[in-house]
2 protein chains.
Amino acid sequence: MLKKEELPDCPVATTVQLIGNKWKLLILRNLLSRPWRFNELRRSLDGISQKVLTESLRSMENDGIIIRTVYAEVSPRVEYSLSELGETLRPILDAMQAWGQEYKESFE
Amino acid sequence: MLKKEELPDCPVATTVQLIGNKWKLLILRNLLSRPWRFNELRRSLDGISQKVLTESLRSMENDGIIIRTVYAEVSPRVEYSLSELGETLRPILDAMQAWGQEYKESFE
DNA sequence: CGCAATAGTTACTTTTTGGTGACTGAGGCA
DNA sequence: TGCCTCAGTCACCAAAAAGTAACTATTGCG
């Protein structure tokens with residue numbers, strides 16, 4: 001979790017620092033609908049490497065926007081879900097989704 | 001300007017491909033209020049190098065979200081402003097601004 | 001026993017990105 | 001005359017990000 005002093009003055013810059021990155025945004029897009037397992041995310045995010053996926057998940061967990069839950073099962077199951085804070089990011093992703101939709105439709 | 005075939009299926013991924021990058025988002029934040037000159041942007045975006053600023057501006061110009069206007073004056077004046085398409089990004093930046101604000105306030 | 005799946009970590013290499021400094025050319029100013 | 005500003009470009013080098021491959025532990029299954 002970032003400390004207050006490490007945050008930029010500008011609110012947009014603050015948001016960008018936490019989620020202004022390709023893979024984090026795509027992970028969030030997935031987690032908005034339901035919890036996802038590690039390998040499930042990996043298969044869904046075309047082109048992401050295991051390393052980058054773990055690094056992104058760790059970073060988002062540290063920032064308090066996602067929650068990692070380990071189920072003591074066979075075989076091991078780890079689920080990633082949005083925290084309450086993560087849920088509050090939904091309007092941003094919704095706006096991006098809407099814009100992308102419009103943009104793509106403008107080509108038809 | 002990207003062609004339709006180069007865009008990912010997912011609308012969020014499409015948006016991310018165009019503006020999912022630290023400096024582009026901060027440039028947009030500035031341009032939402034008014035047109036900015038090159039060196040004015042450079043001074044405002046703390047830590048950006050001239051190279052990265054020009055590259056970001058060129059890329060956004062190619063994608064049709066900003067407009068570069070050269071005024072034949074002494075000394076040369078170049079202004080960057082949002083295109084109509086760029087204007088439609090406002091809700092995304094607004095959502096990011098609102099979230100960052102809330103997030104920062106949660107530390108007080 | 002040996003293999004498969006899960007969810008990683010670690011070390012090493014490669015690719016991409018970004019930074020630095022020099023240069024442009026036109027006019028303003030002391 | 002020489003230096004300043006503006007808005008860049010270009011070449012080169014360093015740093016950061018990402019890819020790759022090997023390895024971990026656990027348990028079930030045939």
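Here is how names work: the chains are called A, B, and so on, in the same order as the sequence lines, proteins then strands, and each is numbered from 1. As a basis for the values below, the full set of heavy atoms in this structure was taken, side chains included, without hydrogen atoms, waters or symmetry mates.
- Going from atom OH of A:Tyr71 over to atom P of C:dG8 covers 13 Å, rounded to whole Å.
- Between the CG atom in B:Leu89 and the CZ atom in B:Arg29 there is a gap of 15.0 Å [rounded to 0.5 Å].
- The CZ-P distance, from B:Arg77 to C:dA26, rounds to 20 Å in whole Å.
- Put simply, CG on A:Leu53 and CZ on A:Phe38 are 4.0 Å apart, with the number rounded to the nearest 0.5 Å.
- With sequence neighbours left out, the ring pair (Phe, Tyr, Trp, His ring centres under 6.0 Å) criterion links B:Trp36 to no other residue.
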Practice task
Using the side-chain contact (heavy atoms from CB on, under 4.5 Å) rule, take A:Glu61 and A:Leu57 through it: C-alpha gap first, then chi angles, then the decisive distance, then the call.
Solution key: CA-CA 6 Å; A:Glu61 197 192 350; A:Leu57 291 169; over 6 Å; no

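- Relative ring orientation between B:Tyr103 and B:Trp99 is described as parallel, the plane-to-plane angle staying below 30° on a 0-90° scale split at 30° and 60°.
- Straight-line distance from the CD atom of A:Glu40 to the P atom of C:dA7: 9 Å, rounded to whole Å.
- The residue among A:Pro76 and B:Glu79 whose nearest nucleotide of DNA chain D is located toward the 5' end is B:Glu79.
- Over its length, the helix from C:dC1-D:dG30 to C:dA30-D:dT1 turns its helix axis by 20°, as judged from the five terminal pairs at each end, rounded to 10°.
- Taking CD from A:Gln17 and CG from B:Leu25, the interatomic distance works out to 13.0 Å, rounded to the nearest 0.5 Å.
- Spacing between atom CH2 of A:Trp23 and atom P of D:dA18 amounts to 9 Å, rounded to whole angstrom units.
- Between A:Lys24 atom NZ and D:dA17 atom C1' the separation is 13 Å, expressed in whole Å.
- At the phosphate of D:dC6, neither OP1 nor OP2 sits under 4.0 Å from any side-chain N or O atom of B:Arg37.
- Between B:Tyr80 atom OH and D:dC6 atom P there is a gap of 14 Å when expressed in whole angstrom units.
- For B:Arg42, no side-chain nitrogen or oxygen approaches OP1 or OP2 of D:dA7 to under 4.0 Å.
- One can place CG of A:Leu26 at 16 Å from C1' of D:dA18, the figure rounded to the nearest angstrom.
- Within residues 43-59 of chain A, the residues approached by DNA chain C to less than 4.0 Å at the level of any non-hydrogen atom are A:Gln50, A:Thr54, A:Arg58, in residue-number order.
- At whole-Å resolution of the value, CG in B:Asn39 and P in D:dT5 are 10 Å apart.
- For the atom pair CD1 of A:Ile19 and CG of A:Asp63, the computed distance is 10.5 Å after rounding to the nearest 0.5 Å.
- Checking side-chain atoms of A:Ser56 against main-chain N and O of A:Lys24 turns up no donor-acceptor pair under 3.5 Å.
- To the nearest 0.5 angstrom, A:Ser81 atom OG is 8.0 Å from A:Ile66 atom CD1.
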